[in-house]
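The structure appears below as structure tokens.
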Amino acid sequence: MSIVKRIVVAGGAGFLGSHLCERLVEQEHDVICLDNFYTSQKTNVTHLLGKPNFELIRHDVVDPILLEVDEIYNLACPASPGHYQYNPIKTMKISILGSVNLLGMAKRCNAKIFQASTSEVYGDPEVHPQPESYKGSVNPIGIRACYDEGKRAAETLFFDYHRYNKTNIRVCRIFNTYGPRMHPFDGRVVSNFIRQALAGDDITIFGDGSQTRSFCYRDDLVEGFLRLMAAPDEVTGPVNLGNPGEYTIKELAELIIEIVGSKSKLSFQPLPPDDPTRRQPDIALARKQLDWEPHVALRDGLEKTIEWFKTIDVERYRPPTPNY
Ligand code: NAD
Ligand code: UDP
């Protein structure tokens, strides 16, 4: 029988964190979900509350907390442009102070610590697809910088803790991920398009829709998290996790309209500043080091996500920002 680990998931009530908590609870670990519900709601984890190996603590990671743990996953951060631009100074504080506090916990407990970094560290990339060796093209004073530079600074902190304190770190760079439990008003492209298609509203395409993204289904991604955490200690990352299938935003809109069978029309809106023109992960390293690759095709993942959106009452989700 494998050892039961005490694992904290910061941001554990979010879209990705709640699924990660489910997987860890299933594996019979002792799971502590730490969340202040800044961009999520308790309903994402209420089904876990009765489990003897699950605990929920309402806490903001910008403040220190003392816990005794073996592993730490740091997912606590507003993740969609609308959410992270709502209070950009708080976003940067969360990335930096949250990382400092959780790295301190890792150092004190000699725990392994995982950072949910992002493809945004590559900015609007001049290299395509993006390998981990690409250093990125980020505008440090643009409206996305609070997130991009916050996540870049967090990566720096992780690697300095690793070099100076021998902290056992795992850093993954996540590319656009979608699936059930996305916040319906997070403003991300998949949640917006599905909500609009189901309501028969216009589909809001920013720009001409020729910009590309590569969409990974939630379950594939979280499997990558678990493999990275379980990998040998020399596998620190950064390692890209994402689905290399690349689509234009217009193609995504047309596919969602077709699956939903919606009468929605495309409505072209101004492109926000610094919106990356293309994005596709090079996942050779994840294939080699983690034996990981995504398996869920975009159409299949969208079908599951759309079915979930049909089951929720969007009126019960508070739009957390005015930017949706
Ligand atoms: P999410 O907003 O659903 O989850 C983030 C969670 O962190 C939420 O539950 C939120 O309430 C919590 N949180 C925010 N600030 C906090 C604070 N100060 N203290 C405690 N909890 C706090 O978003 P998600 O998509 O699940 O993202 C999870 C992580 O993965 C984030 O760090 C994000 O940057 C990263 N990521 C996600 C994607 C993606 O496509 N989903 C892509 C790249 C990186
Ligand atoms: N987008 C769009 N319509 C929307 C929301 C987003 O056309 O209603 C575009 C956005 O401009 C970007 C892409 O979809 O080019 C992905 O946006 P998202 O906010 O999901 O994530 P990003 O990868 O930009 O962080």
Side-chain angles (χ1 to χ4, degrees), residues 9-21 33-42 44-45 57-63 65 73-85 87 90-91 93-95 97-99 101-102 114-121 124 144 147-148 150-151 154 172-179 181-183 186-196 201-216 218 221-222 225 240-242 247-250 252-253 266-279 320 323-324:
V9 182
F15 156 55
L16 297 175
S18 60
H19 187 58
L20 175 62
C21 285
C33 169
L34 211 64
D35 207 298
N36 67 350
F37 305 108
Y38 185 42
T39 57
S40 63
Q41 56 293 313
K42 208 169 164 185
N44 280 351
V45 288
I57 302 177
R58 189 183 287 255
H59 175 77
D60 190 319
V61 293
V62 303
D63 290 327
I65 183 168
Y73 287 86
N74 181 21
L75 277 65
C77 188
S80 72
H83 283 176
Y84 65 67
Q85 287 162 21
N87 184 341
K90 182 161 176 80
T91 297
K93 280 187 185 167
I94 294 170
S95 267
L97 299 178
S99 296
N101 287 328
L102 294 171
F114 171 104
Q115 166 67 353
S117 190
T118 171
S119 55
E120 286 286 320
V121 300
D124 190 2
R144 298 173 82 103
Y147 182 71
D148 302 7
K151 289 284 189 180
C172 78
R173 294 181 177 157
I174 305 167
F175 285 65
N176 297 59
T177 301
Y178 67 98
R181 289 203 207 116
M182 297 184 83
H183 194 296
D186 63 9
R188 285 191 258 214
V189 69
V190 172
S191 36
N192 268 8
F193 286 3
I194 292 179
R195 194 168 42 76
Q196 291 161 345
D201 294 342
D202 284 354
I203 305 282
T204 53
I205 296 197
F206 300 160
D208 62 6
S210 63
Q211 70 272 38
T212 68
R213 293 293 186 275
S214 305
F215 298 99
C216 187
R218 176 198 69 179
L221 188 85
V222 170
F225 288 4
N240 289 337
L241 293 179
Y247 295 83
T248 68
I249 294 304
K250 188 157 172 280
L252 178 75
L266 304 185
S267 157
F268 293 87
Q269 314 274 335
L271 188 68
D274 292 335
D275 199 286
T277 46
R278 54 193 186 160
R279 191 183 283 153
N323 300 334
Y324 65 93

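Just follow the structure's listing: the first ligand is 1, and inside any ligand the first atom is 1. Keep in mind that the numbers below use all heavy atoms, side chains included, and drop hydrogens, waters and symmetry copies.
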Handout entry: Sub-4.0 Å heavy-atom approach of Gly187 to ligand 2
Key = yes
Handout entry: Close approach, Gly98 and ligand 1, non-hydrogen under 4.0 angstrom
Key = no
Problem - Ser80 touching ligand 2 at heavy-atom level, < 4.0 angstrom - result: no
Practice task
Could you pull out, from Ser40, Ser119, Cys77, the option with a heavy atom nearest to atom 5 (C) of ligand 1?
Solution key: Cys77
Handout entry: Close N or O approach (Asp35, ligand 1; < 3.5 Å)
Key = yes
Exercise for the section: Looking only at distances, please establish whether an N/O atom of ligand 1 is found under 3.5 Å from an N/O atom of Leu34. Expected result: no
Exercise for the section: Output the list of atoms in ligand 1 that are nearer than 4.0 Å to some heavy atom of Tyr147, sorted by atom number. Expected result: 33 (C), 34 (O), 36 (N), 43 (C), 44 (C)
Handout entry: For atom 10 (C) of ligand 1, the protein heavy atom that lies nearest, with its residue and separation
Key = Thr39 OG1, 3.1 Å
Practice task
Considering the heavy atoms of Arg279, write down every atom of ligand 2 situated less than 4.0 Å from one of them.
Solution key: 22 (P), 23 (O)
Exercise for the section: Find the distance between CD1 (Ile94) and NZ (Lys151) and round it off to the nearest 0.5 Å. Expected result: 9.5 Å
Problem - Check: Phe206 main-chain N/O paired with Gln211 side-chain donor or acceptor under 3.5 Å - result: yes
Exercise for the section: Compute whether any side-chain donor of one residue and acceptor of the other, for Asn240 and Ser119, lie under 3.5 angstrom apart. Expected result: no
Handout entry: Under 3.5 Å: N/O of Thr177 near N/O of ligand 1
Key = yes
Handout entry: Pair Arg213 + Asp275: basic N to acidic O under 4.0 Å
Key = yes
Problem - Under 3.5 Å: donor-acceptor pair, side chain of Thr212, backbone of Ser210 - result: no
Completion exercise
Of all protein heavy atoms, the one nearest atom 20 (O) of ligand 2 is Val189 N, 2.8 Å
Problem - Element-labelled atoms of ligand 2 that are located less than 4.0 Å from some non-hydrogen atom of Asn176 - result: 21 (O), 22 (P), 23 (O)
Problem - Parallel, tilted or perpendicular: rings of Tyr178 and Phe215 (30°, 60°) - result: perpendicular
Practice task
Tell me which protein heavy atom sits closest to atom 13 (N) of ligand 1, plus the residue, atom name and distance to 0.1 Å.
Solution key: Asn36 OD1, 3.5 Å
Exercise for the section: Using a strict 4.0 Å cut-off to heavy atoms of Phe37, name the atoms of ligand 1 that fall inside it. Expected result: 11 (O)
Practice task
Would you check if there is a donor-acceptor pair between the side chains of Gln196 and Thr204 at a distance under 3.5 Å?
Solution key: yes
Practice task
Look at Glu120 together with Arg144 and state whether they make a salt bridge at an N to O cut-off of under 4.0 Å.
Solution key: yes
Fill in the blank from the handout: Near Arg188 (heavy-atom distance under 4.0 Å), the atoms of ligand 2 are 19 (O), 20 (O)
Exercise for the section: Please confirm whether the backbone N or O of Phe114 pairs with a side-chain atom of Asn74, one donor and one acceptor, at under 3.5 Å? Expected result: no
Completion exercise
of all protein heavy atoms, closest to atom 7 (O) of ligand 1 is Gly11 CA, 3.3 Å
Practice task
Report the C-alpha distance between Cys21 and His19 in whole Å, list the side-chain angles of each, state the deciding distance to 0.1 Å, and finish with yes or no for side chain to side chain contact (heavy atoms under 4.5 Å, CB included).
Solution key: CA-CA 5 Å; Cys21 285; His19 187 58; over 6 Å; no
Exercise for the section: Quick one: look up the protein heavy atom nearest atom 15 (N) of ligand 1 and list residue, atom name and how far away it is. Expected result: Ile94 CD1, 3.5 Å
Handout entry: Protein contact of atom 13 (C) of ligand 2 - nearest heavy atom, named by residue and atom, plus distance
Key = Ile249 CD1, 3.6 Å
Problem - Leu16-ligand 1 polar pair, N/O distance under 3.5 Å - result: yes
Handout entry: Contact (N/O only, under 3.5 Å) between Thr204 and ligand 2
Key = yes
Fill in the blank from the handout: If you scan protein heavy atoms around atom 39 (C) of ligand 1, the nearest is Arg188 NH1, 3.3 Å
Practice task
Looking only at distances, please establish whether an N/O atom of ligand 1 is found under 3.5 Å from an N/O atom of Gly17.
Solution key: no
Problem - Validation row: Ile65, Leu34 side chains within 4.5 angstrom (heavy atoms) - result: yes
Exercise for the section: Give the intermediate values and the outcome of side-chain hydrogen bond (donor to acceptor under 3.5 Å, both in side chains) for residues Arg58 and Asn36. Expected result: CA-CA 5 Å; Arg58 189 183 287 255; Asn36 67 350; over 6 Å; no
Fill in the blank from the handout: If you scan protein heavy atoms around atom 23 (O) of ligand 1, the nearest is Ala79 CB, 3.5 Å
Fill in the blank from the handout: Value for CG (Leu241) from OG1 (Thr118), rounded to nearest 0.5 Å, stands at 11.5 Å
Exercise for the section: Would you please determine whether Ser117 falls within less than 4.0 Å of ligand 1 on a heavy-atom basis? Expected result: yes
Exercise for the section: Compute the minimum heavy-atom distance from His83 to ligand 1 and say whether it is under 4.0 Å. Expected result: no
Exercise for the section: Number the atoms of ligand 1 from 1 as they appear, then name those within less than 4.0 Å of a heavy atom of Asp60, with their elements. Expected result: 17 (C), 18 (N), 19 (N)
Exercise for the section: Report, as yes or no, whether the 6.0 Å neighbourhood of atom NZ on Lys90 holds more than 12 heavy atoms from other residues, nucleotides or ligands. Expected result: yes
Practice task
Could you tell me whether the side chain of Asp202 and the main chain of Leu266 form a donor-acceptor pair under 3.5 Å?
Solution key: no
Problem - Numbering as shown, the atoms of ligand 2 that approach Asn192 to under 4.0 Å (heavy-atom distance) - result: 4 (C), 5 (C), 8 (O)
Fill in the blank from the handout: Within the 4.0 Å heavy-atom cut-off, what Lys151 brings close to ligand 1 is side chain
Problem - Under-4.0 Å heavy-atom contact with ligand 2, by part of Gln211 that carries it - result: side chain
Exercise for the section: Ignoring hydrogens, just give me the one of Met182, Lys250, Arg144 whose non-hydrogen atom is nearest atom 24 (O) of ligand 2. Expected result: Arg144
Exercise for the section: Examine Asn176 against ligand 1 and note whether any of their N/O atoms are separated by less than 3.5 Å. Expected result: no
Practice task
Tell me which protein heavy atom sits closest to atom 28 (C) of ligand 1, plus the residue, atom name and distance to 0.1 Å.
Solution key: Leu75 O, 3.6 Å
Exercise for the section: Check each atom of ligand 1 against the heavy atoms of Ala13 and keep those under 4.0 Å away; list them by number with element. Expected result: 9 (O)
Problem - Check: Arg173/Ser117 side-chain N/O donor and acceptor closer than 3.5 Å - result: no
Handout entry: Residue part near ligand 1, for His59, under 4.0 Å between non-hydrogen atoms
Key = backbone
Handout entry: Ser95 side chain to Ala154 backbone, donor-acceptor under 3.5 Å
Key = no
Practice task
Please write down residue, atom name and distance for the protein heavy atom closest to atom 35 (C) of ligand 1.
Solution key: Ile174 CD1, 3.9 Å
Practice task
Could you list the atoms of ligand 1 found under 4.0 angstrom from a heavy atom of Gly14?
Solution key: 3 (O), 4 (O), 8 (C), 9 (O)
Practice task
Please check if the side chain of Ser40 supplies one atom and the backbone of Phe37 the other of a donor-acceptor pair under 3.5 Å.
Solution key: no
Exercise for the section: Using atom types as modelled and distance alone, determine if a side-chain donor or acceptor of His59 lies under 3.5 Å from a backbone N or O of Asp63. Expected result: yes
Handout entry: Close-contact set for ligand 2 against Ile205 heavy atoms, below 4.0 Å
Key = 7 (O)
Problem - Minimum-distance protein heavy atom relative to atom 5 (C) of ligand 2 - result: Phe206 CE1, 3.4 Å
Problem - N or O contact, Val61 vs ligand 1, cut-off under 3.5 Å - result: yes
Exercise for the section: Begin from the C-alpha positions of Arg181 and Ser18 and carry the test side-chain hydrogen bond (donor to acceptor under 3.5 Å, both in side chains) through to its verdict. Expected result: CA-CA 8 Å; Arg181 289 203 207 116; Ser18 60; 2.9 Å; yes
